[in-house]
Amino acid sequence: MTISSFFTRASGAFNGHPVASKLLVLCTLSSGGLLAYAESQSNIGSPSVVDDKPDESRKKRVVVLGTGWAGTSFLKYLDATAYDVQVVSPRNYFAFTPLLPSVTCGTVEARSIVEPVRNIIKKRNGEIKFCEAECVKIDATNKSVVLRANFGTNLVGNDEFSLEYDYLVIAIGAQVNTFNIPGVKENCHFLKEVEDAQKIRASVIDCFEMAVLPGLSEEERRRNLHFVVVGGGPTGVEFAAELHDYFQEDLVKLYPMVKDLVKITVIQSGDHILNMFDDRISSFAEQKFKRDGIDVQTGCRVVSVSDKEITMKVKSKGEVCSVPHGLVVWSTGIGTRPVVSDFMKQIGQADKRVLVTDEWLRVKGCEDVYAIGDCASITQRKIMEDISAIFKAADKDNSGTLTVGEFQDVIDDIIIRYPQMELYLRSQHLQDVKDLLKDPEGNDRKEVNIEEFKLALAQVDSQMKSLPATAQVAAQQGAYLSRCFNRREQCKENPEGPRRFKSSGHHDFRPFRYKHFGQFAPLGGEEAAAELPGDWVSMGHSTQWLWYSVYASKQVSWRTRVLVVSDWTRRFIFGRDSSRI
């Protein structure tokens, strides 16, 4: 593979391919360096109910909850001239969350990775209204949402109001999952929001300043300078790497008297860190952390956290041990937000972990409500649930048997409707779909009956997989849903989706299909690892520069792109700022 094709494939690690982004990647390759949405007032002071029941003449109202990756991607591609669009979020900005670990140590400033929502929506055709408020209740029966504004008490106006909708897009993300472990919420830092990263940055400096005060014993200094990261996923690993670089490159010069007392520990319940990556990357990361002196404790489950100690159980030995700490960062997964949990009870999904949607991102059991991003999970329909209907639809002559030709006539619809079919064909290295109909000895068959057909496709559903809760998935879901909204009327008349096997006609749209462009894992010391499609893995210093290029090119605006690149340049020249402000 050539270097140019390497950069081209890697630049797809985030969704979208703007011309400016491509130019940035190309300039990075050639020079070795880096180049660096109609605003309206919110109706917070309006009456408690913002709008009356819609009449037939006005545009359909689309209410979007959230301005994260999913919500922003939806707004970016939505034709706002066709709808009355209302955006609601407790934060008036979009944050580039993959760079949060860099914010914790001052490698990148917090304001460099955020873009005001009003800047984003004013660049869109049509009017998009924004309200800075938190959704506290979704009323599916009356098709409305109850919102609360959290401003100063001296401001006039209604702090609680409601919005009616024709279509609701839930994109409010998720919250940190503490697994109800005692002390986690009270004594741990999280890394989910920009505010979290800012708190960690201040706390790290507090630990060092406290450790150099006179009158402390060496044991007390060591406790203050023991940084524990719970969770060996991408966020936890990147934070540990950032913290190690921060100390080795900057803080050791400012606090030379405690340079031998600093310790970083990563606690992982699984057998390896970065276990969602290729084994080669996981092994490379563990070896690098070992060289850097970062203690990786695998096979350990945290049972409690106090203000001074973290208690964990070692699975292999069954032993329980306590370790003193100065700061604990909790990065072990996500949970459902209270407003979503309440909504799930209303629609009969109380027993589910997250909101369940169908393949078109529609919330099951609720009309005209869609959910995208971390707050939802797609339930893919099993092919074996429809196997009889598929056989009947393919058996055009009603002979009770299916020929190879009849099967080939419906295979395209099957692959579109059931993505696991394509994955199964690939995993079995089948070059032609007719190979599915071969007998157990591998001989060709001219036709099969219903039982033989069921047997041939019995293992297809084993390829079904849940999508990860990542920015890449959320952004693709937002873009897909906006295209469905833009083509809603057109596709009602001319459906573009696959055949309905249990009834006549076709689905209006093709179901959502996630395309994985790869993922990065920065490991500190100007080294990173990348996993790209096609079982292609890259590790080392060159991959870190690729990471710089891709992350800069995928910023939401040229303003943030320039700021981020400037921060990286500043860090190279002057180091990180250790001021606690």
Side-chain angles (χ1 to χ4, degrees), residues 97 100-101 104-105 174-193 195-197 199-201 203-204 206-207 210 219-220 222-244 247 261-277 282 285-286 289-290 292-338 341 353-354 374 468-469 521 523-524:
T97 52
L100 283 180
T104 63
C105 299
Q175 64 183 12
V176 175
N177 193 347
T178 65
F179 301 97
N180 295 320
I181 295 175
V184 171
K185 189 174 182 180
E186 297 81 6
N187 302 302
C188 292
H189 288 269
F190 305 120
L191 193 46
K192 196 78 173 62
E193 310 288 349
E195 295 84 354
D196 296 333
K199 289 178 183 177
I200 292 174
R201 181 176 179 179
S203 296
V204 168
D206 286 347
C207 290
M210 188 66 190
E219 182 181 349
E220 290 172 325
R222 287 186 183 275
R223 185 184 79 81
N224 289 335
L225 295 175
H226 186 201
F227 303 94
V228 180
V229 182
V230 182
T235 302
V237 166
E238 186 174 350
F239 169 70
E242 281 279 358
L243 183 59
H244 175 266
F247 171 67
L261 305 180
V262 177
K263 183 179 180 181
I264 301 173
T265 300
V266 177
I267 299 175
Q268 165 72 339
S269 61
D271 296 330
H272 298 280
I273 60 174
L274 297 179
N275 51 17
M276 70 291 300
F277 282 76
S282 179
E286 290 175 351
F289 274 17
K290 185 177 181 180
D292 290 343
I294 299 175
D295 185 22
V296 177
Q297 298 283 342
T298 57
C300 298
R301 181 173 61 86
V302 175
V303 294
S304 67
V305 183
S306 70
D307 59 342
K308 293 181 174 62
E309 292 183 331
I310 181 168
T311 304
M312 56 187 178
K313 182 177 182 180
V314 182
K315 295 180 182 179
S316 60
K317 301 178 181 178
E319 299 176 352
V320 176
C321 61
S322 295
V323 179
H325 68 79
L327 179 146
V328 178
V329 173
W330 187 269
S331 178
T332 61
I334 56 176
T336 305
R337 294 188 185 276
S341 297
R353 184 178 58 86
V354 292
D374 295 354
L523 301 173

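Only a predicted model underlies this, so the values are computations on that prediction, with no experimental measurement involved.
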> Can you tell me how far the NZ atom of Lys199 sits from the CG atom of Asp206, to the nearest 0.5 Å?
13.5 Å
> Take Asp196 and Leu100 through the test side chain to side chain contact (heavy atoms under 4.5 Å, CB included) and record every step on the way to the result.
CA-CA 9 Å; Asp196 296 333; Leu100 283 180; over 6 Å; no
> What are the two closest non-hydrogen atoms of Ala240 and Val229, and how far apart are they?
CB-CG2, 4.2 Å
> Just to verify, what does Thr265 make a side chain to side chain donor-acceptor pair (under 3.5 Å) with, not counting sequence neighbours?
His226
> Which residues pass the ring pair (Phe, Tyr, Trp, His ring centres under 6.0 Å) test with Phe227, sequence neighbours left out?
Phe208
> Please give me the minimum heavy-atom distance between Gly326 and Cys207, naming the atom from each residue.
O-SG, 3.8 Å
> Please indicate whether Lys315 has more than 12 foreign heavy atoms, meaning atoms of other residues, nucleotides or ligands, lying under 6.0 Å from its NZ.
yes
> Checking side-chain contact (heavy atoms from CB on, under 4.5 Å) against Val305, which of Asp307, Val303, Val302 comes through?
Val302
> Between Ala285 and Leu274, which heavy-atom pair has the shortest distance, and what is it?
CB-CD1, 3.7 Å
> Using side chain to side chain contact (heavy atoms under 4.5 Å, CB included) as the criterion, list what pairs up with Arg353, not counting sequence neighbours.
none
> Are Met312 and Cys321 side-chain neighbours, meaning at least one heavy-atom pair lies under 4.5 Å?
yes
> Could you give the distance from CD1 (Ile181) to CG (Asn187), rounded to the nearest 0.5 Å?
12.5 Å
> Is the backbone of Asp292 close enough, under 3.5 Å, to the side chain of His244 for a donor and an acceptor to pair up by distance?
yes
> Would a 4.5 Å heavy-atom cut-off, applied to side chains only, mark Asp271 and Thr298 as touching?
no
> Just so I know, are the side chains of Val296 and Lys290 near enough to count as touching, which here means a heavy-atom distance under 4.5 Å?
no
> I need the minimum non-hydrogen distance between Gly231 and Gln268, along with the two atoms involved.
C-OE1, 3.9 Å
> Under the side chain to side chain donor-acceptor pair (under 3.5 Å) rule, collect the residues that match up with Thr332, sequence neighbours excluded.
Trp330
> To the nearest 0.5 angstrom, please state how far the CE atom of Met210 sits from the CD atom of Glu220.
8.0 Å
> Under the side chain to side chain contact (heavy atoms under 4.5 Å, CB included) rule, what do Ile264 and Phe289 come out as? Steps first, then yes or no, please.
CA-CA 10 Å; Ile264 301 173; Phe289 274 17; over 6 Å; no
> Can you give me the closest heavy-atom contact between Ile200 and Phe239, atom names plus distance?
CG2-CE1, 3.7 Å
> For the atom pair OG (Ser331) and CD (Glu238), what is the distance rounded to the nearest 0.5 Å?
10.5 Å
> Between atom CG of Asp374 and atom CD1 of Ile334, what is the distance when rounded to the nearest 0.5 Å?
4.0 Å
> Pairs in or reaching into residues 316-338: which pass salt bridge (Lys or Arg N to Asp or Glu O under 4.0 Å), with residues at least two apart or in two chains?
Glu193-Arg337
> Is the count of non-hydrogen atoms from other residues, nucleotides or ligands lying under 6.0 Å from Lys313 atom NZ greater than 12?
no
> Any chance you could lay out the side chain to side chain contact (heavy atoms under 4.5 Å, CB included) test for Val230 and Val184, step after step, and finish with the verdict?
CA-CA 10 Å; Val230 182; Val184 171; over 6 Å; no
> Step through the shown structure and confirm whether more than 12 heavy atoms of other residues, nucleotides or ligands are within 6.0 Å of CE on Met276.
yes
> State, to 0.1 Å, how close His189 and Ser203 come at their nearest heavy-atom pair, and which atoms those are.
CE1-OG, 3.1 Å
> For Arg222, give me all partners under side chain to side chain donor-acceptor pair (under 3.5 Å), at least two apart in sequence or on another chain.
Glu218
> Check whether any side-chain heavy atom of Pro101 sits under 4.5 Å from a side-chain heavy atom of Leu191, and report yes or no.
yes
> Give a yes or no on this: more than 12 heavy atoms of other residues, nucleotides or ligands lie within 6.0 Å of atom CD of Glu219.
no
> Determine whether Thr104 and Val204 satisfy the following criterion, side chain to side chain contact (heavy atoms under 4.5 Å, CB included), listing intermediate values before the conclusion.
CA-CA 9 Å; Thr104 63; Val204 168; over 6 Å; no
> Say you draw a straight line from CD1 of Ile294 to CG of Leu243; how long is it, rounded to the nearest 0.5 Å?
8.0 Å
